[in-house]
Amino acid sequence: MHKSVMSIITILLLAVAAGLCEEFLFRDLLFNLFTKILSKIRYVLLWSTILSSICFGLAHFVNLARQDFVVTFQQVIAVTAIGLMLCTIRILTNNMWLNVIMHIAFDISPLVVTGDIIGKWSAIIVSGLWIGGISLLTIWTYNHHCLKEN
């Protein structure tokens, strides 16, 4: 089989595996574990989101095996922000499959595949603050609304 076709198949298979495994590990198992552990805390959804997203980001330090520290650290920051966004979607939709599909889409995007998404600190910080900030504000608002109803 042609090398580029094999590369595309490999990228697709890795994206599907990562989307399934990482979403069910971080947005289902860990998120639910944190909500159980923190159930007595006022903003349980917010804290569970933050903790599971940090775990998601830190798990990407495994990439140090194939790339240098600065690139990996930038990836950890970006992925933590994406984790916040995916948790927001998980909370608002209560649907893991939408997260899996979005995760796969992120992983097969040309920016991720080519590595062009990483490299400029300003872009990482601005996009991380933007994605993370909106996600946290959304979860805080939703959690606050839920507390008012109870």
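Given the structure is predicted, the values throughout are model-derived calculations rather than measurements.
Rounded to the nearest 0.5 angstrom, T80 OG1 and I50 CD1 are separated by 11.5 Å. Distance check, rounded to the nearest 0.5 Å: NE2 of H145 to OG1 of T141 gives 10.5 Å. A distance of 12.5 Å separates OG1 in T138 from CG in L45, rounded to the nearest 0.5 Å. Rounded to the nearest 0.5 Å, atoms CD (Q74) and CD (Q67) are 9.5 Å apart. Atom CG of residue L98 and atom CE of residue M96 lie 10.0 Å apart, to the nearest 0.5 angstrom. Between the CG atom in L136 and the OG1 atom in T88 there is a gap of 7.0 Å [rounded to 0.5 Å].
The salt bridge (Lys or Arg N to Asp or Glu O under 4.0 Å) contacts involving residues 51-79 comprise nothing, where partners must be two or more places apart or lie in separate chains. Listed by first and then second residue, the salt bridge (Lys or Arg N to Asp or Glu O under 4.0 Å) pairs that reach into residues 12-24 are E23-R27, sequence neighbours excluded. Pairs engaging residues 81-105 under the ring pair (Phe, Tyr, Trp, His ring centres under 6.0 Å) rule: F24-W97, F56-H103 [sequence neighbours left out]. Note on residues 47-61: no pairs pass side chain to side chain donor-acceptor pair (under 3.5 Å), not counting sequence neighbours.
With sequence neighbours left out, L64 forms a side chain to side chain contact (heavy atoms under 4.5 Å, CB included) with F61, F69, T72. Qualifying side chain to side chain contact (heavy atoms under 4.5 Å, CB included) partners for I37, counting only residues two or more places apart in sequence or in other chains: L33.
Here the side chain of N143 pairs no donor or acceptor atom with the backbone of I139 at under 3.5 angstrom.
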Apply side chain to side chain contact (heavy atoms under 4.5 Å, CB included) to M85 and F106, showing your working.
CA-CA 12 Å; M85 182 191 66; F106 276 127; 3.2 Å; yes

Residue pair I91, F31: steps toward the side chain to side chain contact (heavy atoms under 4.5 Å, CB included) verdict:
CA-CA 10 Å; I91 291 167; F31 179 80; 3.7 Å; yes

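Hydrophobic clustering, with ILVMFWY side chains joined whenever heavy atoms are under 4.5 angstrom apart, keeps L12 apart from L14. Connection of L147 to L46 is established within a shared hydrophobic cluster, with ILVMFWY side chains joined at heavy-atom distances below 4.5 Å, either directly or through further cluster members. Hydrophobic clustering, with ILVMFWY side chains joined whenever heavy atoms are under 4.5 angstrom apart, groups W140 together with F34. Using a 4.5 Å cut-off between side-chain heavy atoms of Ile, Leu, Val, Met, Phe, Trp and Tyr, with links allowed through other members, L58 and L25 fall into the same hydrophobic cluster. In terms of hydrophobic clustering, with Ile, Leu, Val, Met, Phe, Trp and Tyr side chains grouped at heavy-atom distances under 4.5 Å, I11 and I101 are assigned to different clusters.
In this structure, a donor-acceptor pair under 3.5 Å is present between the side chains of D28 and N32.
Listed here is the closest heavy atom pair of I89 and T93: O-OG1, 2.7 Å. Heavy-atom minimum distance, A15 versus I108: CB-CG2, 3.3 Å. Between A18 and D107, the shortest heavy-atom contact is CB-OD2, 3.5 Å.
The only option from L30, L38, T35 that meets the side-chain contact (heavy atoms from CB on, under 4.5 Å) definition with L51 turns out to be L38.
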